[in-house]
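Whatever order the structure lists ligands and atoms in, that order sets their numbers, starting from 1. Keep in mind that this is a model prediction, so the values were computed, not measured.
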Amino acid sequence: MDPFADTLQRLREAFDSGCTRPAEFRAAQLKGLSRFLQENKQLLQEALAQDLHKSAFESEVSEISISQNEINSALRNLRAWMKDEKVPTNLATQLDSAFIRKEPFGLVLVIAPWNYPLNLSLEPLVGALAAGNCVVLKPSEISKSTEKVLAEVLPRYLDQSCFAVVLGGPQETGQLLEHKFDYIFFTGSPRVGKIVMAAAAKHLTPVTLELGGKNPCYVDDNCDPQTVANRVAFFRYFNSGQTCVAPDYILCSPEMQARLLPTLQSATTRFYGEDPQSSPDLGHVISEKNFLRLRRLLSCGRVAIGGQSDESDRYIAPTVLVGVQETEPVMREEIFGPILPIMNVRSLDEAIEFIRRREKPLALYAFSNSSQVVKRVLAQTSSGGFCGNDGFMHMTVASLPFGGVGASGMGSYHGKLSFDTFSHPRACLLRRPGLEKVYALRYPPHTPRNLRV
Ligand code: NAD
């Protein structure tokens, strides 16, 4: 018995009926998403607090408002984005009309992770619905409270003939992926990204893969250490380090490390107090499995700041590790927790060489008072996104594409790009039925006369 067949059949029939195509229908879905956020704000904040111990501030800025902004932008621009895009013609088609039609793909599958379980479900959904698709959303089974709200409350705000939430972990998602979709948008780990891409390949389904990895953070000697420490600690420990674009490790000279350590300590104490475990502003680790993985990482190198953990609370203190080796697990796997290793390099060249030797990251950070240094890091490396002198602020700019490159993913979204991601750019040429005498020049037999044309 296939648990998904009926739902998928219902959505396909709705798409084939053409009901998702009018702008009015799409706008109604986006307004539904907006009402879902407004009317269930408290419920959502409670669910995020239960899943990740997210503070009201973090829930607001990184889950609710950011999704709301995306909805507002889609609503404001929907008609402009949907318009056929006229393009220039060539000599042979100069009397014709050439344009790109933004066509919905059809049935879209969105698979979301647990770390921003609301935002990373809703943001792709905004693009997919704005572009006129029917959507199946598969939220993460790990962020259980948010999953419940998405499954039980969200569908009430959308047209249920065109939208469904399906639930499940790896096994059920594997079964879901056996079905043919017209587009798959996956956010999660590179390991599962490969499984999704292999399943999509069986049906030649296009994919966007929003993956993770290790994001380097280069800190130049020419910096104010306290400013750098404030910014790096804020973005590393936000959501307890469970952010795909968080700075994963620092690369700096031993001299800069000596200046950074006291400032990182003071920033951490200022943000989370003497006892960060009791801070309402520090998130907790999502699961027992991740807690045990992170606790093992604490034995890499030497603990310079933090290092405490408490299994009963899935708490890992904001931690800085020094003296780590490139071969240790903390420098080999994505940390995805509140642990910040510092690797020493002797020069900017060595830092760039270190970054280039590894997989292309989702984000890359460079701190320096010298714009030349920041620009050199930018010019000589590659990554999904880049931010000079701060953490992941680049991803808040909706006009910038958000996505990875190489092992950190493929495709991108946010703002208009989300609409484009979920639209097939159909190449259209409308010619005249007349003028056959002119067109006849191309038909055989080919004589020296028509070859000159
Ligand atoms: P994950 O890959 O374990 O799970 C993501 C989704 O895939 C979940 O819905 C899960 O149910 C499903 N899944 C898990 N195993 C599966 C399998 N074998 N077959 C089919 N589906 C399966 O990722 P996660 O632990 O939820 O999230 C953490 C990862 O996501 C990190 O690597 C992080 O960097 C990455 N991430 C990337 C972004 C981004 O925008 N690029 C954002 C957030 C998280």
[X] bridged to [Y] by N-O distance under 4.0 Å:
| X | Y | value |
| --- | --- | --- |
| Glu60 | Lys41 | yes |
| Glu58 | Lys54 | no |
| Glu85 | Arg101 | no |
| Glu333 | Arg293 | yes |
| Arg357 | Glu326 | yes |
| Lys214 | Glu359 | no |

With heavy atoms under 4.0 Å as the rule, classify the contact between [X] and ligand 1 as side chain, backbone, both or neither.
| X | answer |
| --- | --- |
| Leu120 | side chain |
| Phe186 | side chain |
| Thr187 | both |
| Leu362 | side chain |
| Val245 | neither |

Between Glu141 and Pro170, is there a side-chain heavy-atom distance shorter than 4.5 Å?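 SC-SC contact between Pro170 and Glu141 confirmed.
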
Taking distance alone, with no angle check, do [X] and ligand 1 share an N/O pair under 3.5 Å?
| X | answer |
| --- | --- |
| Lys138 | yes |
| Gly188 | yes |
| Ala112 | yes |
| Arg191 | no |

Atom 16 (C) of ligand 1 [closest protein heavy-atom partner, distance rounded to 0.1 Å]: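 Ranked first by proximity to atom 16 (C) of ligand 1 is Val192 CG1, 3.5 Å.
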
Tell me the protein heavy atom at minimum distance from atom 32 (O) of ligand 1, and give that distance in Å.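 The answer is Glu334 OE1, 2.7 Å.
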
Geometric class of the Trp81/Phe419 ring pair [parallel <30°, tilted 30-60°, perpendicular >60°]: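 Aromatic pair Phe419/Trp81 classed tilted.
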
Just which atoms of ligand 1 are under 4.0 Å from any heavy atom in Glu210? 37 (C), 38 (C), 39 (C), 40 (O), 41 (N)

So, does Ser140 sit close enough to ligand 1 that a heavy atom of it is under 4.0 Å from the ligand?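 Yes, Ser140 has heavy atoms under 4.0 Å from ligand 1.
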
